[in-house]
Participant: 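If you scroll down you'll find the structure; I have some questions about it.
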Amino acid sequence: MRAFVDDPTQIGEKFLGRYTVTTTSGTTGVPGIFLADQRTLAVTAALSARMLGSWLTATDVMRVAARGGRITMLIATGGHFASATAAAALRKNRLRRNRIRAFAAHTPMPGLVEALNAFRPAILAPTPAWARCWPPNSRQAACTSTRLS
């Protein structure tokens, strides 16, 4: 398993053809490696759909559909992190491939804003650190102000 996790070309691929692998960076002192089978992923998807259903109104869903269902994910890179693995898996679906974009969370703000304006996502799924900088006119010192159109 270590060779699989250490190989960045395997991000989003199934370990042993069966398990989705996600890792944590180890900020608590111990990096984690987690395996999920298809049943676990199905339960996670159902819980996620339920959660989104409580956040989005019917009007929100219509707006997402009107914008082509385009999703941008800001992800941690450099490992089998959950967001990177999810983005890779979503992009494998030929019907979704053109509606999913993933950007490294450390992408400089001006380039990120340009890419977001060009893609015009209906949904932006940021990392928690990036979400603290929203909206772009946040007064936090760590955030750079750049206007999205």
Side-chain angles (χ1 to χ4, degrees), residues 2-15 19-36 40-41 44-149:
R2 176 52 62 190
F4 183 90
V5 169
D6 289 344
D7 184 353
T9 67
Q10 295 298 318
I11 294 172
E13 299 295 330
K14 298 283 188 187
F15 177 65
Y19 300 101
T20 295
V21 177
T22 58
T23 61
T24 62
S25 62
T27 56
T28 62
V30 180
I33 299 174
F34 302 89
L35 300 179
T40 301
L41 295 175
T44 301
L47 291 171
S48 297
R50 174 121 173 126
M51 178 182 64
L52 282 174
S54 69
W55 289 350
L56 302 175
T57 65
T59 302
D60 293 331
V61 172
M62 288 189 298
R63 284 182 186 151
V64 169
R67 293 189 87 173
R70 290 183 304 277
I71 300 170
T72 295
M73 300 172 69
L74 298 178
I75 62 173
T77 57
H80 290 258
F81 304 123
S83 58
T85 299
L90 287 169
R91 290 198 40 87
K92 285 182 182 186
N93 180 313
R94 67 180 180 82
L95 299 175
R96 294 182 189 152
R97 184 174 302 142
N98 295 327
R99 293 186 309 214
I100 305 288
R101 294 284 188 275
F103 298 100
H106 60 272
T107 301
M109 186 67 81
L112 182 58
V113 168
E114 182 179 334
L116 289 170
N117 282 336
F119 185 57
R120 304 203 50 81
I123 297 174
L124 175 63
T127 64
W130 199 89
R132 285 193 306 267
C133 293
W134 195 258
N137 63 357
S138 173
R139 296 178 192 267
Q140 291 187 15
C143 304
T144 301
S145 244
T146 305
R147 184 165 173 77
L148 290 173
S149 62

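The analysis underlying the following values was restricted to heavy atoms, covering all of them including side chains, and did not include hydrogens, waters or symmetry mates.
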Participant: Hey, could you give me the OG1/CG distance between T107 and L74, rounded to the nearest 0.5 Å?
Facilitator: 7.5 Å

Participant: Which distance, rounded to the nearest 0.5 Å, do you find between the CG of L90 and the CZ of R99?
Facilitator: 10.5 Å

Participant: Nearest 0.5 Å please: distance from the CD1 atom of I100 over to the CD1 atom of I71.
Facilitator: 4.0 Å

Participant: Flag the pair I75 / F81 as yes when at least one side-chain heavy-atom distance between them is below 4.5 Å, and no otherwise.
Facilitator: no

Participant: To the closest 0.5 Å, what do you measure between CE (M109) and CG (L116)?
Facilitator: 9.0 Å

Participant: For a quick test of reading the model, state the closest non-hydrogen atom pair linking L41 to A36 and the distance between them.
Facilitator: CD2-CB, 3.9 Å

Participant: Under 4.5 Å between any side-chain heavy atoms of H80 and E13, yes or no?
Facilitator: no

Participant: Are there over 12 heavy-atom neighbours, none belonging to R67, within less than 6.0 Å of that residue's CZ?
Facilitator: yes

Participant: Identify the two heavy atoms, one from S83 and one from A76, that lie closest to each other, and give their separation to 0.1 Å.
Facilitator: OG-N, 3.6 Å

Participant: Tell me whether the count of non-hydrogen atoms from other residues, nucleotides or ligands lying under 6.0 Å of OH in Y19 goes above 12.
Facilitator: no

Participant: Can you tell me how far the CD1 atom of I123 sits from the CZ atom of R63, to the nearest 0.5 Å?
Facilitator: 13.0 Å

Participant: Show the nearest heavy-atom pair for residues A104 and T77, with the distance to one decimal.
Facilitator: CB-CG2, 3.7 Å

Participant: From K14 NZ over to T85 OG1, what is the distance, rounded to the nearest 0.5 angstrom?
Facilitator: 10.0 Å

Participant: Show the nearest heavy-atom pair for residues N98 and F119, with the distance to one decimal.
Facilitator: O-CE1, 3.7 Å

Participant: What closest approach, in Å, do G79 and A84 show between heavy atoms, and which atom pair accounts for it?
Facilitator: O-CB, 3.9 Å

